There are 2 protein chains.
Amino acid sequence: MPLLMLKDLPRYECLLEAVRHHPDLDPSACEAYLNLLRAGDEAYSRSEAFLGEHDMSPGRFTVLMLLYDKLSGMPRDQTPADLADKAGVTRATMTGLVDTLERDGLVTRQHDPHDRRMMLIQLTPKGHSTLEAILPGHFQQMAAQMAPLSEQERKTLVRLLNKIAGQTRALEPVEASPAAAS
Amino acid sequence: MPLLMLKDLPRYECLLEAVRHHPDLDPSACEAYLNLLRAGDEAYSRSEAFLGEHDMSPGRFTVLMLLYDKLSGMPRDQTPADLADKAGVTRATMTGLVDTLERDGLVTRQHDPHDRRMMLIQLTPKGHSTLEAILPGHFQQMAAQMAPLSEQERKTLVRLLNKIAGQTRALEPVEASPAAAS
DNA sequence: ATCTGATGATTAGCCTCCTAACTACACGGC
DNA sequence: GCCGTGTAGTTAGGAGGCTAATCATCAGAT
(Lines give C-alpha, C1' and ligand atoms only; values in the text may rest on other atoms or scores of the structure.)
Protein backbone atom coordinates (compact mmCIF):
# COMPACT_ATOMS: atom_id res chain seq x y z
CA MET A 1 0.00 0.00 0.00
CA PRO A 2 2.10 2.84 -1.23
CA LEU A 3 -0.16 5.70 -0.42
CA LEU A 4 -2.71 7.17 1.94
CA MET A 5 -0.17 7.83 4.60
CA LEU A 6 2.15 10.77 4.66
CA LYS A 7 5.85 10.54 4.81
CA ASP A 8 5.85 12.57 8.00
CA LEU A 9 2.85 11.90 10.15
CA PRO A 10 1.08 14.87 11.73
CA ARG A 11 2.14 15.68 15.24
CA TYR A 12 -0.25 14.82 18.00
CA GLU A 13 -0.82 18.50 18.85
CA CYS A 14 -2.03 19.09 15.31
CA LEU A 15 -4.54 16.30 15.70
CA LEU A 16 -5.79 17.79 18.95
CA GLU A 17 -6.14 21.13 17.20
CA ALA A 18 -8.01 19.55 14.28
CA VAL A 19 -10.67 18.08 16.55
CA ARG A 20 -12.13 21.55 16.87
CA HIS A 21 -13.16 21.49 13.22
CA HIS A 22 -13.82 17.77 12.97
CA PRO A 23 -15.71 16.34 15.92
CA ASP A 24 -15.53 12.83 14.40
CA LEU A 25 -11.76 12.77 14.65
CA ASP A 26 -10.47 10.61 17.50
CA PRO A 27 -6.86 11.72 17.99
CA SER A 28 -5.50 8.59 19.59
CA ALA A 29 -7.29 6.36 17.07
CA CYS A 30 -5.98 8.44 14.20
CA GLU A 31 -2.45 8.33 15.52
CA ALA A 32 -2.57 4.57 16.03
CA TYR A 33 -4.10 4.08 12.60
CA LEU A 34 -1.55 6.19 10.74
CA ASN A 35 1.33 4.54 12.54
CA LEU A 36 -0.03 1.11 11.75
CA LEU A 37 -0.28 1.90 8.05
CA ARG A 38 3.15 3.40 7.93
CA ALA A 39 4.90 0.60 9.80
CA GLY A 40 3.13 -2.00 7.70
CA ASP A 41 4.02 -0.21 4.50
CA GLU A 42 7.67 0.15 5.39
CA ALA A 43 8.01 -3.47 6.40
CA TYR A 44 6.29 -4.55 3.21
CA SER A 45 8.37 -2.29 0.99
CA ARG A 46 11.54 -3.61 2.52
CA SER A 47 10.59 -7.21 1.88
CA GLU A 48 9.57 -6.32 -1.63
CA ALA A 49 12.97 -4.76 -2.25
CA PHE A 50 14.74 -7.79 -0.85
CA LEU A 51 12.73 -10.18 -3.00
CA GLY A 52 13.32 -7.97 -6.01
CA GLU A 53 17.05 -8.62 -5.73
CA HIS A 54 16.29 -12.25 -6.43
CA ASP A 55 13.99 -11.53 -9.39
CA MET A 56 11.05 -12.35 -7.19
CA SER A 57 7.85 -10.45 -6.49
CA PRO A 58 5.78 -10.79 -3.32
CA GLY A 59 3.05 -12.55 -5.26
CA ARG A 60 5.29 -15.13 -6.88
CA PHE A 61 7.11 -15.70 -3.60
CA THR A 62 3.82 -16.36 -1.83
CA VAL A 63 2.90 -18.97 -4.43
CA LEU A 64 6.20 -20.76 -4.00
CA MET A 65 5.75 -20.72 -0.23
CA LEU A 66 2.30 -22.25 -0.56
CA LEU A 67 3.74 -25.05 -2.69
CA TYR A 68 6.67 -25.60 -0.35
CA ASP A 69 6.00 -28.49 1.94
CA LYS A 70 8.50 -28.13 4.75
CA LEU A 71 6.59 -25.33 6.44
CA SER A 72 3.01 -26.36 6.05
CA GLY A 73 3.15 -30.12 6.15
CA MET A 74 0.99 -30.51 3.03
CA PRO A 75 3.18 -32.06 0.39
CA ARG A 76 0.59 -32.46 -2.35
CA ASP A 77 0.15 -30.26 -5.38
CA GLN A 78 -2.51 -27.61 -5.40
CA THR A 79 -4.97 -26.11 -7.84
CA PRO A 80 -4.88 -22.45 -8.90
CA ALA A 81 -8.18 -21.89 -7.10
CA ASP A 82 -6.71 -23.21 -3.84
CA LEU A 83 -3.64 -21.08 -4.23
CA ALA A 84 -5.66 -17.96 -5.05
CA ASP A 85 -7.82 -18.53 -2.01
CA LYS A 86 -4.92 -19.02 0.36
CA ALA A 87 -2.95 -16.12 -1.07
CA GLY A 88 -5.93 -13.79 -0.98
CA VAL A 89 -5.92 -12.85 -4.67
CA THR A 90 -8.36 -13.50 -7.51
CA ARG A 91 -8.04 -16.52 -9.74
CA ALA A 92 -7.24 -14.28 -12.66
CA THR A 93 -4.26 -12.89 -10.78
CA MET A 94 -3.15 -16.41 -9.87
CA THR A 95 -3.19 -17.37 -13.54
CA GLY A 96 -0.76 -14.56 -14.24
CA LEU A 97 1.51 -15.48 -11.33
CA VAL A 98 1.63 -19.14 -12.37
CA ASP A 99 2.28 -18.09 -15.98
CA THR A 100 5.42 -16.25 -14.94
CA LEU A 101 6.60 -18.97 -12.57
CA GLU A 102 6.08 -21.60 -15.24
CA ARG A 103 7.95 -19.53 -17.81
CA ASP A 104 10.88 -19.29 -15.37
CA GLY A 105 10.76 -23.04 -14.78
CA LEU A 106 9.94 -22.79 -11.07
CA VAL A 107 6.59 -24.62 -11.24
CA THR A 108 4.80 -26.91 -13.68
CA ARG A 109 1.15 -27.11 -14.67
CA GLN A 110 -0.57 -30.47 -15.16
CA HIS A 111 -4.16 -31.45 -15.77
CA ASP A 112 -5.80 -33.25 -12.89
CA PRO A 113 -6.38 -36.78 -14.24
CA HIS A 114 -9.72 -37.07 -12.40
CA ASP A 115 -11.18 -33.71 -13.39
CA ARG A 116 -9.85 -32.13 -16.53
CA ARG A 117 -11.20 -28.71 -15.57
CA MET A 118 -8.59 -28.46 -12.86
CA MET A 119 -4.88 -27.90 -13.11
CA LEU A 120 -2.33 -29.11 -10.59
CA ILE A 121 0.57 -26.81 -9.85
CA GLN A 122 3.75 -28.32 -8.52
CA LEU A 123 7.12 -26.99 -7.51
CA THR A 124 10.02 -28.04 -9.75
CA PRO A 125 13.45 -28.87 -8.31
CA LYS A 126 14.58 -25.50 -9.61
CA GLY A 127 11.70 -23.80 -7.84
CA HIS A 128 12.57 -25.66 -4.67
CA SER A 129 16.22 -24.65 -4.75
CA THR A 130 15.39 -21.06 -5.72
CA LEU A 131 13.10 -20.78 -2.73
CA GLU A 132 15.64 -22.29 -0.37
CA ALA A 133 18.21 -19.80 -1.62
CA ILE A 134 15.92 -16.90 -0.76
CA LEU A 135 14.46 -18.06 2.53
CA PRO A 136 17.43 -17.53 4.88
CA GLY A 137 17.75 -13.89 3.86
CA HIS A 138 14.00 -13.43 4.07
CA PHE A 139 13.92 -14.78 7.60
CA GLN A 140 16.87 -12.61 8.53
CA GLN A 141 15.00 -9.57 7.21
CA MET A 142 12.04 -10.31 9.42
CA ALA A 143 14.24 -10.93 12.44
CA ALA A 144 16.24 -7.75 11.85
CA GLN A 145 13.14 -5.59 11.60
CA MET A 146 11.63 -7.03 14.77
CA ALA A 147 14.95 -7.00 16.62
CA PRO A 148 14.20 -3.93 18.80
CA LEU A 149 11.22 -5.69 20.37
CA SER A 150 11.56 -8.03 23.33
CA GLU A 151 9.69 -11.33 23.39
CA GLN A 152 7.15 -9.76 25.72
CA GLU A 153 6.67 -6.76 23.43
CA ARG A 154 6.17 -9.03 20.42
CA LYS A 155 3.42 -10.90 22.22
CA THR A 156 1.78 -7.62 23.16
CA LEU A 157 2.04 -6.34 19.58
CA VAL A 158 0.47 -9.50 18.17
CA ARG A 159 -2.34 -9.29 20.67
CA LEU A 160 -3.12 -5.66 19.83
CA LEU A 161 -2.87 -6.24 16.08
CA ASN A 162 -5.22 -9.17 16.32
CA LYS A 163 -7.75 -7.05 18.14
CA ILE A 164 -7.64 -4.56 15.27
CA ALA A 165 -7.73 -7.17 12.52
CA GLY A 166 -10.65 -8.93 14.19
CA GLN A 167 -12.52 -5.67 14.46
CA THR A 168 -11.80 -4.76 10.84
CA ARG A 169 -13.17 -8.07 9.64
CA ALA A 170 -16.19 -7.74 11.91
CA LEU A 171 -17.03 -4.33 10.40
CA GLU A 172 -16.46 -5.67 6.90
CA PRO A 173 -19.57 -4.60 4.94
CA VAL A 174 -18.24 -1.16 4.07
CA GLU A 175 -20.91 -0.35 1.49
CA ALA A 176 -23.58 1.49 3.43
CA SER A 177 -24.26 4.68 1.49
CA PRO A 178 -24.80 4.32 -2.27
CA ALA A 179 -23.04 7.62 -2.83
CA ALA A 180 -21.10 7.22 -6.06
CA ALA A 181 -22.23 3.82 -7.21
CA SER A 182 -22.39 5.24 -10.74
CA MET B 1 0.22 -4.08 -0.28
CA PRO B 2 -2.12 -6.74 -1.41
CA LEU B 3 0.17 -9.71 -1.24
CA LEU B 4 3.02 -11.44 0.57
CA MET B 5 0.88 -12.45 3.48
CA LEU B 6 -1.42 -15.38 3.57
CA LYS B 7 -5.08 -15.20 4.26
CA ASP B 8 -4.65 -17.55 7.20
CA LEU B 9 -1.36 -17.08 8.97
CA PRO B 10 0.58 -20.19 9.97
CA ARG B 11 0.00 -21.36 13.48
CA TYR B 12 2.74 -20.79 15.98
CA GLU B 13 3.42 -24.51 16.36
CA CYS B 14 4.13 -24.73 12.64
CA LEU B 15 6.68 -21.98 12.96
CA LEU B 16 8.35 -23.78 15.84
CA GLU B 17 8.44 -26.92 13.73
CA ALA B 18 9.89 -25.04 10.77
CA VAL B 19 12.85 -23.77 12.78
CA ARG B 20 14.33 -27.26 12.55
CA HIS B 21 14.84 -26.84 8.81
CA HIS B 22 15.46 -23.08 8.84
CA PRO B 23 17.75 -21.95 11.64
CA ASP B 24 17.39 -18.31 10.52
CA LEU B 25 13.69 -18.31 11.30
CA ASP B 26 12.82 -16.44 14.49
CA PRO B 27 9.30 -17.64 15.36
CA SER B 28 8.20 -14.68 17.46
CA ALA B 29 9.66 -12.20 14.95
CA CYS B 30 7.93 -13.99 12.09
CA GLU B 31 4.62 -14.03 13.90
CA ALA B 32 4.84 -10.34 14.76
CA TYR B 33 5.88 -9.50 11.21
CA LEU B 34 3.07 -11.42 9.53
CA ASN B 35 0.47 -9.99 11.87
CA LEU B 36 1.76 -6.48 11.24
CA LEU B 37 1.48 -6.89 7.48
CA ARG B 38 -1.95 -8.39 7.69
CA ALA B 39 -3.40 -5.82 10.06
CA GLY B 40 -1.92 -3.00 7.99
CA ASP B 41 -3.25 -4.46 4.79
CA GLU B 42 -6.75 -4.94 6.13
CA ALA B 43 -6.91 -1.44 7.54
CA TYR B 44 -5.65 -0.02 4.27
CA SER B 45 -8.03 -2.07 2.14
CA ARG B 46 -10.93 -0.94 4.22
CA SER B 47 -10.08 2.72 3.83
CA GLU B 48 -9.54 2.20 0.13
CA ALA B 49 -13.00 0.67 -0.17
CA PHE B 50 -14.54 3.54 1.76
CA LEU B 51 -12.83 6.16 -0.38
CA GLY B 52 -13.83 4.26 -3.50
CA GLU B 53 -17.47 4.85 -2.66
CA HIS B 54 -16.81 8.54 -3.10
CA ASP B 55 -14.93 8.14 -6.39
CA MET B 56 -11.72 8.76 -4.53
CA SER B 57 -8.45 6.83 -4.50
CA PRO B 58 -5.96 6.84 -1.62
CA GLY B 59 -3.54 8.83 -3.73
CA ARG B 60 -5.97 11.53 -4.73
CA PHE B 61 -7.29 11.76 -1.18
CA THR B 62 -3.79 12.26 0.16
CA VAL B 63 -3.22 15.13 -2.26
CA LEU B 64 -6.43 16.82 -1.19
CA MET B 65 -5.45 16.40 2.45
CA LEU B 66 -2.07 18.00 1.80
CA LEU B 67 -3.77 20.98 0.19
CA TYR B 68 -6.33 21.26 2.96
CA ASP B 69 -5.30 23.89 5.42
CA LYS B 70 -7.36 23.21 8.51
CA LEU B 71 -5.28 20.24 9.61
CA SER B 72 -1.77 21.30 8.81
CA GLY B 73 -1.83 25.03 9.36
CA MET B 74 -0.13 25.76 6.03
CA PRO B 75 -2.67 27.60 3.94
CA ARG B 76 -0.53 28.31 0.90
CA ASP B 77 -0.57 26.48 -2.39
CA GLN B 78 2.05 23.87 -3.09
CA THR B 79 4.13 22.66 -6.00
CA PRO B 80 3.84 19.13 -7.39
CA ALA B 81 7.37 18.41 -6.16
CA ASP B 82 6.40 19.38 -2.60
CA LEU B 83 3.29 17.26 -2.77
CA ALA B 84 5.15 14.27 -4.18
CA ASP B 85 7.73 14.54 -1.45
CA LYS B 86 5.20 14.75 1.35
CA ALA B 87 3.03 12.00 -0.07
CA GLY B 88 5.97 9.69 -0.64
CA VAL B 89 5.42 9.14 -4.38
CA THR B 90 7.42 10.10 -7.46
CA ARG B 91 6.83 13.33 -9.32
CA ALA B 92 5.57 11.40 -12.29
CA THR B 93 2.90 9.79 -10.14
CA MET B 94 1.96 13.19 -8.73
CA THR B 95 1.47 14.51 -12.26
CA GLY B 96 -1.07 11.76 -12.87
CA LEU B 97 -2.88 12.38 -9.59
CA VAL B 98 -3.11 16.12 -10.23
CA ASP B 99 -4.28 15.43 -13.79
CA THR B 100 -7.24 13.48 -12.53
CA LEU B 101 -8.05 15.94 -9.74
CA GLU B 102 -7.89 18.84 -12.18
CA ARG B 103 -10.13 17.02 -14.66
CA ASP B 104 -12.68 16.51 -11.87
CA GLY B 105 -12.45 20.16 -10.92
CA LEU B 106 -11.10 19.56 -7.42
CA VAL B 107 -7.82 21.41 -7.87
CA THR B 108 -6.37 23.96 -10.28
CA ARG B 109 -2.90 24.31 -11.75
CA GLN B 110 -1.24 27.70 -12.15
CA HIS B 111 2.22 28.76 -13.17
CA ASP B 112 4.30 30.29 -10.42
CA PRO B 113 4.71 33.96 -11.49
CA HIS B 114 8.26 34.08 -10.16
CA ASP B 115 9.55 30.83 -11.65
CA ARG B 116 7.78 29.57 -14.70
CA ARG B 117 9.20 26.08 -14.26
CA MET B 118 7.01 25.57 -11.23
CA MET B 119 3.30 25.00 -10.98
CA LEU B 120 1.15 25.91 -8.02
CA ILE B 121 -1.63 23.53 -7.10
CA GLN B 122 -4.59 24.85 -5.20
CA LEU B 123 -7.80 23.39 -3.88
CA THR B 124 -10.98 24.64 -5.57
CA PRO B 125 -14.16 25.29 -3.59
CA LYS B 126 -15.50 22.06 -5.08
CA GLY B 127 -12.40 20.22 -3.89
CA HIS B 128 -12.81 21.72 -0.47
CA SER B 129 -16.44 20.70 -0.13
CA THR B 130 -15.78 17.23 -1.57
CA LEU B 131 -13.09 16.65 1.02
CA GLU B 132 -15.26 17.91 3.85
CA ALA B 133 -18.01 15.55 2.72
CA ILE B 134 -15.63 12.58 2.95
CA LEU B 135 -13.73 13.41 6.11
CA PRO B 136 -16.35 12.62 8.77
CA GLY B 137 -16.84 9.10 7.44
CA HIS B 138 -13.11 8.65 7.07
CA PHE B 139 -12.51 9.63 10.68
CA GLN B 140 -15.32 7.36 11.79
CA GLN B 141 -13.67 4.50 9.91
CA MET B 142 -10.44 5.02 11.77
CA ALA B 143 -12.19 5.31 15.11
CA ALA B 144 -14.27 2.19 14.47
CA GLN B 145 -11.26 0.10 13.59
CA MET B 146 -9.33 1.22 16.65
CA ALA B 147 -12.36 0.98 18.93
CA PRO B 148 -11.34 -2.28 20.65
CA LEU B 149 -8.15 -0.67 21.96
CA SER B 150 -8.07 1.36 25.17
CA GLU B 151 -6.18 4.62 25.32
CA GLN B 152 -3.36 2.86 27.09
CA GLU B 153 -3.22 0.12 24.46
CA ARG B 154 -3.12 2.68 21.67
CA LYS B 155 -0.14 4.38 23.24
CA THR B 156 1.60 1.03 23.61
CA LEU B 157 0.85 0.12 20.00
CA VAL B 158 2.20 3.41 18.69
CA ARG B 159 5.36 2.98 20.77
CA LEU B 160 5.97 -0.54 19.46
CA LEU B 161 5.21 0.39 15.85
CA ASN B 162 7.59 3.32 16.06
CA LYS B 163 10.33 1.04 17.29
CA ILE B 164 9.83 -1.15 14.24
CA ALA B 165 9.55 1.73 11.78
CA GLY B 166 12.68 3.33 13.20
CA GLN B 167 14.56 0.06 12.87
CA THR B 168 13.33 -0.48 9.31
CA ARG B 169 14.56 2.94 8.27
CA ALA B 170 17.86 2.40 10.08
CA LEU B 171 18.46 -0.82 8.13
CA GLU B 172 17.44 0.88 4.90
CA PRO B 173 20.23 0.00 2.45
CA VAL B 174 18.78 -3.34 1.44
CA GLU B 175 21.11 -3.95 -1.50
CA ALA B 176 23.98 -5.91 -0.04
CA SER B 177 24.37 -8.98 -2.24
CA PRO B 178 24.45 -8.42 -6.01
CA ALA B 179 22.57 -11.64 -6.54
CA ALA B 180 20.24 -11.05 -9.47
CA ALA B 181 21.29 -7.59 -10.56
CA SER B 182 20.94 -8.83 -14.14
C1' DA C 1 -28.23 -39.82 -24.43
C1' DT C 2 -28.58 -35.11 -23.97
C1' DC C 3 -29.41 -30.69 -22.08
C1' DT C 4 -28.67 -27.50 -18.21
C1' DG C 5 -26.39 -25.40 -14.60
C1' DA C 6 -22.25 -25.12 -11.83
C1' DT C 7 -17.33 -24.81 -11.43
C1' DG C 8 -12.25 -24.20 -12.87
C1' DA C 9 -9.17 -21.64 -15.62
C1' DT C 10 -8.16 -18.17 -18.79
C1' DT C 11 -8.46 -13.82 -21.48
C1' DA C 12 -9.27 -8.85 -22.22
C1' DG C 13 -9.28 -4.39 -20.53
C1' DC C 14 -8.79 -1.06 -16.68
C1' DC C 15 -6.43 1.43 -12.69
C1' DT C 16 -2.51 2.83 -9.97
C1' DC C 17 1.94 3.04 -9.26
C1' DC C 18 6.77 2.81 -10.90
C1' DT C 19 11.38 4.12 -13.76
C1' DA C 20 13.54 6.39 -17.51
C1' DA C 21 13.68 9.63 -21.08
C1' DC C 22 12.30 14.18 -22.47
C1' DT C 23 11.00 19.36 -22.52
C1' DA C 24 10.99 23.97 -20.46
C1' DC C 25 12.95 27.20 -17.63
C1' DA C 26 16.53 29.54 -14.35
C1' DC C 27 21.04 30.79 -13.07
C1' DG C 28 26.05 31.45 -13.10
C1' DG C 29 30.63 31.65 -15.76
C1' DC C 30 32.76 33.41 -19.62
C1' DG D 1 24.79 38.32 -24.23
C1' DC D 2 25.48 33.17 -24.69
C1' DC D 3 26.09 28.44 -22.98
C1' DG D 4 26.31 24.61 -19.82
C1' DT D 5 24.36 22.73 -15.74
C1' DG D 6 20.70 21.80 -12.73
C1' DT D 7 15.82 21.70 -11.53
C1' DA D 8 10.50 21.25 -12.33
C1' DG D 9 7.15 18.96 -14.72
C1' DT D 10 5.48 15.81 -18.14
C1' DT D 11 5.33 11.81 -21.25
C1' DA D 12 6.04 6.88 -22.52
C1' DG D 13 6.18 2.31 -21.32
C1' DG D 14 6.06 -1.54 -17.84
C1' DA D 15 4.57 -4.40 -13.68
C1' DG D 16 1.02 -6.07 -10.75
C1' DG D 17 -3.39 -6.01 -9.11
C1' DC D 18 -8.65 -6.01 -10.18
C1' DT D 19 -13.46 -7.08 -12.61
C1' DA D 20 -16.13 -8.99 -16.22
C1' DA D 21 -16.62 -11.99 -19.94
C1' DT D 22 -15.36 -16.45 -22.14
C1' DC D 23 -14.10 -21.37 -22.80
C1' DA D 24 -13.84 -26.18 -21.14
C1' DT D 25 -15.44 -29.70 -18.31
C1' DC D 26 -18.30 -32.13 -14.98
C1' DA D 27 -22.63 -33.77 -12.75
C1' DG D 28 -27.38 -34.30 -12.45
C1' DA D 29 -32.24 -34.14 -14.44
C1' DT D 30 -35.05 -35.46 -18.10
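Everything quoted here is computed from the prediction, not taken from an experiment. Within every chain, numbering begins at 1; the chains are lettered A, B, ... in the order of the sequence lines, protein sequences first and strands thereafter.
Under the rule for a salt bridge (Lys or Arg N to Asp or Glu O under 4.0 Å), the partners of B:Asp99 that lie at least two apart in sequence or sit in another chain are B:Arg109. Evaluation of the salt bridge (Lys or Arg N to Asp or Glu O under 4.0 Å) rule for A:Arg159 yields B:Glu153 as partners, not counting sequence neighbours. With sequence neighbours excluded, no residue satisfies salt bridge (Lys or Arg N to Asp or Glu O under 4.0 Å) with B:Arg103. For B:Asp26, the side-chain hydrogen bond (donor to acceptor under 3.5 Å, both in side chains) partners at least two apart in sequence or on another chain are A:Arg154, B:Ser28. The side chain to side chain contact (heavy atoms under 4.5 Å, CB included) check on A:Ala147 picks up B:Gln167, with sequence neighbours excluded.
Between A:Met119 atom CE and D:dC23 atom P the separation is 19 Å, expressed in whole Å. Atom pair B:Glu48:CD and C:dT16:P shows a separation of 9 Å (rounding to whole Å applied). Nucleotide C:dG8 holds its P atom 15 Å from the CD atom of A:Gln78, rounded to whole Å. Going from atom CG of A:Leu101 over to atom P of C:dA9 covers 15 Å, rounded to whole Å. The CG-P distance, from B:Asp99 to C:dC17, rounds to 13 Å in whole Å. If you take CG of B:Asp112 and P of C:dA24, they are 19 Å apart, rounded to a whole angstrom. Distance B:Arg116 CZ to D:dG9 C1': 13 Å, rounded to the nearest Å. Atom OH in B:Tyr44 sits roughly 10 Å away from atom C1' in C:dC17 (whole-Å rounding).
Using a 4.0 Å cut-off, some side-chain N or O of A:Thr90 falls inside it from OP1 or OP2 of D:dC18. Contact check, A:Arg60 against D:dG16: a side-chain N or O comes under 4.0 Å of OP1 or OP2. Proximity of B:Thr93 to the phosphate of C:dC17: no side-chain N or O atom is located under 4.0 Å from OP1 or OP2. Using a 4.0 Å cut-off, some side-chain N or O of B:Arg91 falls inside it from OP1 or OP2 of D:dA8.
Closest approach to the B:Asp115 side chain among D:dG9, C:dC25, C:dC17 is made by C:dC25 (side chain taken as heavy atoms from C-beta onward). Minimum atom distance to the side chain of B:Met118 is reached by D:dA8, of the listed D:dG17, D:dA8, C:dT10.
For A:Arg117 and C:dT7, a side-chain-to-base donor-acceptor distance below 3.5 Å is present, hydrogens and geometry of angles not being considered.
Side-chain N/O atoms of B:Tyr33 and A:Gln141 include no donor and acceptor closer than 3.5 Å.
Within the model, atoms CG of A:Asp82 and CE of A:Met94 stand 10.0 Å from one another, a figure rounded to the nearest 0.5 Å.
Two residues, B:Met94 and A:Leu120, neighbour DNA chain C, and the one matched to the more 5' nucleotide by heavy-atom proximity is A:Leu120. Mapped onto DNA chain D by nearest heavy atom, A:Ala92 and B:Val98 fall at different nucleotides, with B:Val98 at the one closer to the 5' end.
For residues 104-111 of chain A, proximity to DNA chain D is found at no residue, defined as any non-hydrogen atom under 4.0 angstrom from a strand atom.
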